Participant: 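Can you keep this structure in mind? I'll have questions shortly.
Because the structure is predicted, anything quoted here is derived from the model rather than measured.
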Amino acid sequence: MKILIVEDEPKAGDYLVKGLQESGYVADLARNGVDGLSLALEIDYDLIVLDVMLPQMDGWQVLAKLRERKETPVLFLTARDDVADRVKGLELGADDYLVKPFAFAEFLARVKTLMRRGPVREAEVIRVADLEIDVLRRRVSRGGQRIELTAKEFGLLHLLAKRQGEVLSRTQIASMVWDMNFDSDTNVVDVAIRRLRVKIDDPYPLKLVQTVRGMGYLLEPRS
């Protein structure tokens, strides 16, 4: 079992690597978010232990980028214990959240629990009604007809499709697709949704992208 630790505090990072190795795991260590993301995308780890406050790229950004391509289990390990931070981490796709300071025995128990769940393999092809999303080739078609999307349009559609039937707020979408939070009056998400609808909904009688007034958007077939 191979684990990646992304932790900038030298003593904490070395301590975790040593403890995991003594417990029979193979452990790599990255000292900043950029290096951590690079390793996470390059190597198929069984688990990633990710700090939030990292230099160069914070944990939120690392996780958002990672979830665009991989579903590797992620354990957030951080001194930030606000409920809002925990909720944000889980909404971005983290699998567990452990607050510092912690006992290594508890950390190891969390690791073992996540390992027992096994790797979550993302579907290579996602279908919603007659819409087909080829995740690996990054191709989209509807009714057998190819639809050309920009990288952000594909990321937006992929997110909605993975969370099919779930209402996602504008803040969630902005965080997960654009890797940042927008001011509440920024309409970039609304504009992107409109452009996506022009391509995947307007030519067809069955509409897929739905607006939930005052809440956000979801992907669900409706006539």
Side-chain angles (χ1 to χ4, degrees), residues 33-34 37 41 50 52 54 56-71 74 76 80 82-95 97 122-123 125-142 145-223:
V34 171
L37 178 62
L41 293 176
L50 181 61
V52 171
L54 293 168
Q56 300 185 28
M57 178 183 286
D58 66 32
W60 309 130
Q61 295 171 308
V62 171
L63 181 57
K65 283 287 187 184
L66 177 68
R67 285 293 177 256
E68 290 178 4
R69 291 175 52 185
K70 287 188 171 184
E71 293 296 323
V74 170
F76 262 132
R80 300 178 59 151
D82 292 343
V83 172
D85 287 330
R86 294 199 295 271
V87 169
K88 180 177 180 178
L90 295 172
E91 286 181 341
L92 283 172
D95 297 88
Y97 200 110
E122 183 177 1
V125 177
I126 303 175
R127 293 180 178 86
V128 182
D130 59 345
L131 176 75
E132 183 174 290
I133 304 168
D134 187 325
V135 178
L136 295 181
R137 295 185 177 88
R138 299 183 72 81
R139 293 178 180 174
V140 176
S141 62
R142 187 158 185 194
Q145 185 172 0
R146 180 82 175 269
I147 299 173
E148 296 294 338
L149 300 179
T150 66
K152 288 301 182 187
E153 288 168 349
F154 182 88
L156 175 58
L157 179 61
H158 186 205
L159 171 63
L160 292 171
K162 285 194 300 183
R163 310 276 285 268
Q164 182 182 165
E166 179 181 345
V167 179
L168 297 177
S169 70
R170 290 168 178 80
T171 301
Q172 287 176 293
I173 293 171
S175 178
M176 288 184 261
V177 177
W178 281 269
D179 307 330
M180 62 182 293
N181 292 318
F182 291 104
D183 294 333
S184 58
D185 60 349
T186 302
N187 67 347
V188 66
V189 174
D190 299 323
V191 171
I193 288 286
R194 282 200 297 271
R195 289 175 177 167
L196 187 62
R197 278 176 166 150
V198 167
K199 295 183 177 182
I200 71 165
D201 263 355
D202 286 0
Y204 306 93
L206 184 66
K207 307 306 179 185
L208 302 179
V209 181
Q210 314 299 335
T211 301
V212 180
R213 191 175 298 277
M215 296 180 65
Y217 299 99
L218 79 156
L219 197 68
E220 182 177 82
R222 292 181 189 172
S223 346

Participant: Do other residues, nucleotides or ligands put more than 12 heavy atoms under 6.0 Å from the CZ atom of R197?
Facilitator: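 Buried by this count: over 12 neighbours within 6.0 Å.
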
Participant: Contact between V140 and D134 at the side-chain level, heavy atoms closer than 4.5 Å - yes or no?
Facilitator: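 No. Closest side-chain heavy atoms not under 4.5 Å.
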
Participant: Please report the closest heavy-atom contact between Q172 and L168, naming both atoms and the distance.
Facilitator: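 Scanning both residues completely, I find the closest heavy atoms to be OE1-CA, 3.5 Å.
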
Participant: Is a side-chain N or O of D58 found less than 3.5 angstrom from the main chain of Q61, in a donor-acceptor match?
Facilitator: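 Answer holds: yes.
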
Participant: For residues K199 and E148, report the shortest heavy-atom separation together with the two atoms involved.
Facilitator: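 Where K199 meets E148 most closely, the heavy atoms are NZ-O, 3.2 Å.
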
Participant: Between A161 and I126, what is the shortest heavy-atom contact and its length?
Facilitator: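 Of all heavy-atom pairs spanning A161 and I126, the closest is CB-CG2, 3.8 Å.
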
Participant: Roughly how far, to the nearest 0.5 Å, is CG of L149 from CZ of F154?
Facilitator: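 Rounded to the nearest 0.5 Å, the CZ-CG separation comes to 8.0 Å.
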
Participant: Without hydrogens or angle criteria, can the side chains of Y204 and D130 be said to hold a donor-acceptor pair below 3.5 Å?
Facilitator: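 Their side chains do not contain a donor-acceptor pair, so the 3.5 Å distance test is not met.
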
Participant: With sequence neighbours left out, what residues match D201 under salt bridge (charged side-chain N to carboxylate O under 4.0 Å, His left out)?
Facilitator: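 By the salt bridge (charged side-chain N to carboxylate O under 4.0 Å, His left out) rule, D201 matches R142.
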
Participant: List the residues meeting side-chain hydrogen bond (donor to acceptor under 3.5 Å, both in side chains) with R163, not counting sequence neighbours, and say none if there are none.
Facilitator: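 E166.
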
Participant: Could you pull out all residues at least two apart from K207 that satisfy side-chain hydrogen bond (donor to acceptor under 3.5 Å, both in side chains)?
Facilitator: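 In terms of side-chain hydrogen bond (donor to acceptor under 3.5 Å, both in side chains), with neighbours along the sequence ignored, K207 is linked to no residue.
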
Participant: Identify the heavy atoms of L206 and A129 that sit nearest to each other, and give their distance.
Facilitator: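 In terms of heavy atoms, the two residues are closest at CD2-CB, 3.7 Å.
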
Participant: Can you find a heavy atom in the side chain of L156 that is under 4.5 Å from one in the side chain of V189?
Facilitator: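 SC-SC contact between L156 and V189 ruled out.
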
Participant: Taking C-beta and beyond as the side chain, do L160 and V177 meet within less than 4.5 Å on heavy atoms?
Facilitator: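 L160 vs V177: side chains apart.
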
Participant: Run the side-chain contact (heavy atoms from CB on, under 4.5 Å) test against S141 and tell me which residues pass, sequence neighbours left out.
Facilitator: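 side-chain contact (heavy atoms from CB on, under 4.5 Å) check on S141 returns E132.
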
Participant: Quick one: does V135's side chain get under 4.5 Å of V125's, heavy atoms only?
Facilitator: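 Not touching, per the 4.5 Å side-chain cut-off.
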
Participant: Under a 3.5 Å distance rule, please check whether D95 uses its side chain to pair with a backbone N or O of V74 as donor and acceptor.
Facilitator: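 Indeed, once roles are kept as given, a pair shorter than 3.5 Å links the two residues.
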
Participant: Taking side-chain hydrogen bond (donor to acceptor under 3.5 Å, both in side chains) as the test, write out the residues that go with R146, two or more places apart.
Facilitator: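 Partners of R146 under the side-chain hydrogen bond (donor to acceptor under 3.5 Å, both in side chains) test: none.
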
Participant: How far apart are the closest heavy atoms of F76 and G59, and which atoms are they?
Facilitator: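 That closest heavy-atom pairing would be CZ-O, 3.8 Å.
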
Participant: The criterion is side-chain contact (heavy atoms from CB on, under 4.5 Å); which residues satisfy it with V198, sequence neighbours excluded?
Facilitator: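 By the side-chain contact (heavy atoms from CB on, under 4.5 Å) rule, V198 matches D202.
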
Participant: So which heavy atom on Q164 is nearest to which on V128, and how close?
Facilitator: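 So the minimum-distance heavy-atom pair works out to NE2-CG2, 3.5 Å.
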
